[in-house]
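The block underneath contains the structure these notes are about, expressed in structure tokens.
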Amino acid sequence: MTGAVRVRFAPSPTGHLHVGGARTALFNWLYARHHRGAFVLRIEDTDRSRSTEDNLGAIVEALRWLGLDWDEGPPAPGYRQMERLAIYREHAARLLAAGRAYYCDCPPELLLRERQAAQARKETFRYSGRCRARALAAGALRLRIPEHGATVVNDLIHGPVTFEHSQLDDWILVRTDGTPTYNFCVVVDDVTMRITHVIRGNDHLPNTPKQILCYEALGYPVPEMAHASMILGSDRSRLSKRHGAVAVQAFRDKGILADAMVNYLARLGWAHGDQEIFSRAELVELFDIKDVAASGAVFDETKLEWLSHEFLKRLPGVELARLAEPFIRAAGLEAPPAARLAPIMDTLKERAKTLVELVQVGRFYFERPAAYEPKAALTYLTAEGATHLARLAERLGALGDWDAAAIEGVYRALTAELGVKLVALAQPSRLAVTGGTASPPLFEVLALLGREETLARLARARAVAGGGA
RNA sequence: GGCCCCAUCGUCUAGAGGCCCAGGACACGGCCCUCUCAAGGCUGAAACACGGGUCCGAAUCCCGUUGGGGCCA
């Protein structure tokens with residue numbers, strides 16, 4: 001028994017949650033849930049100038065939308081770095097007292113010269129250690145790094161990665177102005193929060209040996225490390241705004257389903273044989289950080305949309321109605337009551353990849369078409385079309401049961417009488433009722449629209465056609 | 001520039017020495033189905049970066065090259 005798993009996700013509230021961060025959060029969450037451990041949310045808000053409450057709110061909201069619930073973290077106190085300054089100070093004092101850290105007052109100009117000299121020799125810049133033995137009482141606090149040897153990061157994804165100490169220097173723990181550095185805060189937070197597995201992005205791998213040396217200086221055990229690859233843009237550079245939408249919120253607003261987003265993010269760098277679609281429970285059961293790929297993965301919005309479509313298709317109409325309602329209202333339309341909306345959703349769901357598309361495709365259900373597709377109107381709203389529509393209206397008006405099967409019966413019978421193909425009646429009708437040439441099956445549409453509305457729309461189209469006749 | 005990571009179809013990936021003249025999925029093309037659009041079915045094109053080893057045998061192991069990415073500046 002090695003004790004319960006404790007993992008964390010530690011965003012900086014300097015912007016919205018982007019997909020890379022979301023995937024890191026997801027991997028941590030999946031790992032915690034799989035091992036029945038704890039998922040901790042910690043806020044790295046020491047960058048006072050760029051951290052905002054709005055950003056924090058947006059990140060929290062995005063995590064909730066994705067369904068990544070945390071066991072510890074805000075709004076409980078003690079999970080924001082700004083609240084933890086005393087803890088960093090105390091750990092810094094301990095390192096100083098133990099002789100594992102020392103003060104340094106080297107002026108920036110000196111450091112700069114050393115750096116340039118190293119650069120000229122084509123070597124890694126490494127602080128000279130000028131202040132190591134000076135026993136200063138103030139300045140920047142540096143960690144004493146062993147001169148020789150190497151530190152090995154035993155990464156769960158990459159395997160052992162060796163860093164020679166000759167490439168590392170006595171890095172700064174606390175700046176002259178008393179503010180702790182990022183790497184120091186992370187180490188102190190992770191040890192005091194008893195984090196057992198650090199799962200984060202590849203970009204932190206070069207920082208890891210410095211951090212490990214700090215854990216050791218502090219006398220704490222080093223947690224397991226796992227560095228997942230970065231999410232890349234189409235040009236294979238680190239994904240950023242210039243590649244398009246990257247904020248989780250943007251995908252929510254586009255109407256991508258949260259389960260699809262989770263599924264997509266999980267599959268980016270991870271696979272389970274040939275399986276593409278996973279329920280949340282399956283992900284929790286099957287995911288293992290050891291199976292995550294070490295190579296970078298390009299973010300492909302097209303595949304994300306495909307997944308969203310797959311989830312959309314599988315959703316019962318009732319559930320979809322609930323999800324789509326806000327999107328219908330956002331489009332400036334009035335949402336019918338759930339009982340009416342659910343069967344409408346069932347006709348729409350295989351025709352839309354997102355909730356936004358769903359509303360676009362089904363717009364005619366919620367309002368009369370404002371106009372007819374011009375090209376189609378020329379083709380179908382002719383004198384002949386008007387005649388057909390008139391005969392259809394007449395028969396539909398006299399129809400007993402108003403359901404799809406009965407309506408289809410009317411159309412079939414009339415095509416037989418007129419000796420025309422079904423398309424000849426269906427397309428003018430579709431145009432009249434939806435304003436376009438593509439829609440869910442016509443008879444279902446008419447059934448859902450109701451007799452009164454159907455007849456009204458047919459009459460209107462007839463008037464337009466008649467005007468030209 | 002130094003250090004670190006990475007390398008299978010355009011993209012996500014399966015593949016942990018023979019099951020692979022490399023499988024699945026997205027996207028793309030064709031055909032079928034069909035009241036339109038979708039959905040669905042069938043089908044096509046498409047990859048082991050390169051060069052050396054090791055081994056009876058390498059996409060799989062080792063080394064190098066090239067390319068890409070990241071961190072620090």
Side-chain angles (χ1 to χ4, degrees), chain A residues 111-112 114-116 118-127 150-151 153 155 157-159 161-169 171 183 201-210 227-239 263-277 290-310 312-314 347-353 357-358 361-362 373 376 380 404 407-408 411-412 415 420-431 433-434 436-446:
Chain A
L111 266 14
L112 183 65
E114 287 185 0
R115 180 169 294 129
Q116 286 166 342
Q119 183 94 260
R121 277 178 278 124
K122 292 183 187 288
E123 281 174 13
T124 306
F125 166 68
R126 206 163 157 272
Y127 170 60
T151 289
V153 179
D155 194 274
I157 292 170
H158 293 275
V161 181
T162 304
F163 293 84
E164 297 293 333
H165 290 164
S166 60
Q167 302 298 326
L168 268 30
D169 72 347
W171 58 284
N183 281 310
N202 225 209
D203 47 342
H204 291 288
L205 189 50
N207 280 331
T208 310
K210 295 160 77 171
H227 290 90
S229 68
M230 316 249 66
I231 296 184
L232 278 23
S234 47
D235 61 356
R236 302 205 76 90
S237 70
R238 183 201 201 122
L239 187 71
N263 193 149
Y264 180 74
L265 257 17
R267 277 286 285 102
L268 217 48
W270 175 84
H272 182 254
D274 286 341
Q275 190 171 345
E276 293 287 348
I277 297 172
K290 293 194 246 342
D291 298 330
V292 171
S295 50
V298 174
F299 187 77
D300 180 7
E301 199 170 335
T302 307
K303 186 152 185 181
L304 168 61
E305 286 183 345
W306 169 76
L307 264 172
S308 186
H309 186 199
E310 291 299 312
L312 213 50
K313 278 191 299 189
R314 287 165 165 74
T347 71
L348 259 19
K349 64 189 185 187
E350 36 184 57
R351 296 175 170 74
K353 296 190 279 290
E357 251 184 57
L358 190 89
V361 169
E373 249 176 55
Y380 298 116
I407 294 167
E408 180 165 2
Y411 276 77
R412 297 279 177 198
T415 53
V420 296
K421 292 194 170 202
L422 185 53
V423 225
L425 295 184
Q427 283 306 74
S429 304
R430 193 186 315 278
L431 189 63
V433 163
T434 71
T437 52
S439 82
L442 182 64
F443 314 125
E444 287 177 50
V445 168
L446 300 191

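Chain identifiers are assigned alphabetically (A, B, ...) following the order of the sequence lines, protein sequences preceding nucleic acid strands; residue numbering begins at 1 within each chain.
- Side-chain polar atoms of A/Tyr380 and A/Thr437 form no donor-acceptor pair below 3.5 angstrom.
- For A/Arg238, counting side-chain heavy atoms from C-beta on, the closest listed nucleotide (B/U11, B/G70, B/G40) is B/G70.
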Handout entry: Steps toward side-chain contact (heavy atoms from CB on, under 4.5 Å) verdict (A/Arg412, A/Leu422)
Key = CA-CA 7 Å; A/Arg412 297 279 177 198; A/Leu422 185 53; 3.4 Å; yes

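- Taking a pair to require two hydrogen-bonding distances under 3.5 Å in either a Watson-Crick or a G-U wobble arrangement, B/C42 pairs with B/G30.
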Practice task
List the steps, then state whether side-chain hydrogen bond (donor to acceptor under 3.5 Å, both in side chains) holds for A/His272 with A/Asp291.
Solution key: CA-CA 9 Å; A/His272 182 254; A/Asp291 298 330; over 6 Å; no

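- Listed for the A/Thr208 side chain is a donor-acceptor partner under 3.5 Å among the backbone atoms of A/Leu205.
- Between A/Glu276 and A/Asp300, the residue anchored closer to the 5' end of RNA chain B is A/Asp300, taking for each the nucleotide with the nearest heavy atom.
- Distances from the side chain of A/Lys303 to the nucleotides B/C12, B/U36, B/C71 place B/C12 closest.
- In this structure, A/Trp306 atom CH2 and B/G40 atom C1' are separated by 14 Å, rounded to whole Å.
- If you take atom C1' in B/C31 and the same atom in B/C50, they sit 40 Å apart, rounded to whole Å.
- For B/C35, there is no paired nucleotide, since no Watson-Crick or G-U wobble pair has both relevant distances below 3.5 Å.
- Distance from the side chain of A/Ala438 is smallest to B/U36 among B/U36, B/C35, B/G1.
- Under the Watson-Crick or G-U wobble criterion, with both distances below 3.5 Å, B/G57 has no partner in any strand shown.
- In a base pair of the Watson-Crick type (N1 to N3 plus N6-O4 or O6-N4) or a G-U wobble (N1-O2 and O6-N3), with each distance short of 3.5 Å, B/G1 is matched with B/C72.
- Across the C1' atoms, B/U60 and B/C19 are found 14 Å apart, a figure rounded to whole Å.
- Under the Watson-Crick or G-U wobble criterion, with both distances below 3.5 Å, B/U66 is paired with B/A7.
- Using modelled atom types, no side-chain atom of A/Ser308 and backbone atom of A/Leu304 make a donor-acceptor pair closer than 3.5 Å.
- Atom CD in A/Glu373 sits about 11 Å away from atom C1' in B/C37, given to the nearest Å.
- As judged by a 4.0 angstrom heavy-atom cut-off over every strand, A/Ser439 is placed among the base-contacting residues.
- At whole-Å resolution of the value, CG in A/Asp274 and P in B/G15 are 9 Å apart.
- Residue A/Leu112 contributes atom CG, which lies 17 Å from atom P of B/C72 at whole-angstrom precision.
- Taking the C1' atom of each, B/G1 and B/A58 are spaced 37 Å apart, rounded to whole Å.
- Within the nucleic acid shown, A/Gly269 comes within 4.0 Å of sugar-phosphate atoms alone, with no base atom in reach, counting heavy atoms only.
- Looking at A/Arg430, its side chain has no donor and acceptor atom pair within 3.5 Å of the base of B/C37.
- Atom CD1 in A/Ile231 sits roughly 17 Å away from atom C1' in B/G68 (whole-Å rounding).
- A distance of about 25 Å separates the C1' atoms of B/C12 and B/G30, rounded to the whole Å.
- Across all strands shown, A/Phe299 has no heavy atoms under 4.0 Å from either base or sugar-phosphate atoms.
- Taking the P atoms as reference points, B/A47 lies 31 Å from B/C56, given to the whole Å.
- Residue contacts for A/Thr302: at a heavy-atom cut-off of 4.0 Å it reaches the sugar-phosphate backbone alone, with no base atom in range.
- Contacts of A/Lys421 with the nucleic acid, taken as non-hydrogen atoms under 4.0 Å apart, are absent.
- Across all strands, A/Arg126 comes closer than 4.0 Å to no nucleic acid atom at all (heavy-atom distances).
- Across all strands, A/Arg236 comes closer than 4.0 Å only to sugar-phosphate atoms, never to a base (heavy-atom distances).
- Between A/Arg412 and B/C35 there is a side-chain polar atom (N or O) within less than 4.0 angstrom of OP1 or OP2.
- Of the candidate nucleotides B/C71, B/C35, B/A27, B/C35 has the atom lying nearest to any side-chain atom of A/Pro441.
- For the side-chain contact (heavy atoms from CB on, under 4.5 Å) criterion with A/Leu307, the lone passing option out of A/Asn263, A/Leu312, A/Thr302 is A/Asn263.
- Among A/Asp155, A/Asp203, A/Asn202, the one residue that satisfies the side-chain hydrogen bond (donor to acceptor under 3.5 Å, both in side chains) test with A/His227 is A/Asp155.
- Salt bridge present: A/Glu276 and A/Lys303 bring a charged side-chain N and a carboxylate O closer than 4.0 Å.
- Between B/C26 and B/G64, the two P atoms lie 40 Å apart (nearest whole Å).
- Base contact: A/Leu442 has a heavy atom under 4.0 Å from a base atom.
- Between B/C72 and A/Lys210, no contact under 4.0 Å exists linking OP1 or OP2 to a side-chain N or O.
- Judged by distance alone, with hydrogens and angles left aside, the side-chain atoms of A/Arg126 form a donor-acceptor pair with the main-chain N or O of A/Leu168 at under 3.5 Å.
- Using a 4.0 Å heavy-atom distance criterion, A/Pro440 is classed as a base contact.
- With B/G40, B/C12, B/G70 as the choices, the nucleotide that has an atom nearest any side-chain atom of A/Pro206 turns out to be B/G70.
- In this structure, CZ of A/Arg351 is placed 9 Å from P of B/A38, rounded to the nearest angstrom.
- For the pair A/Glu301 CD and B/C26 P, the interatomic distance rounds to 17 Å; values are reported in whole Å.
- Residue A/Arg115 has its side chain nearest to B/A73 when only B/A27, B/A73, B/G69 are considered.
- Where A/Asn207 and A/Tyr264 each meet RNA chain B at their nearest nucleotide, the meeting point lying more 5' is that of A/Tyr264.
- Rounded to whole Å, the distance from NE2 on A/His165 to C1' on B/C72 is 17 Å.
- Straight-line distance between the P atoms of B/U43 and B/G24: roughly 10 Å, to the nearest whole Å.
- Taking atom C1' on both B/C55 and B/G17, the two are 9 Å apart, rounded to the nearest angstrom.
- Among the nucleotides B/A39, B/C3, B/U13, the one closest to the side chain of A/Ala271 is B/U13.
- An OP1 or OP2 oxygen of B/C6 is reached within less than 4.0 angstrom by a side-chain nitrogen or oxygen of A/His158.
- Distances were taken from every side-chain heavy atom of A/Val161 (C-beta onward) to each of B/C35, B/A39, B/C5; the shortest belongs to B/C5.
- If you check distances only, the side chain of A/Asn202 never reaches the base of B/G70 with a donor-acceptor pair under 3.5 Å.
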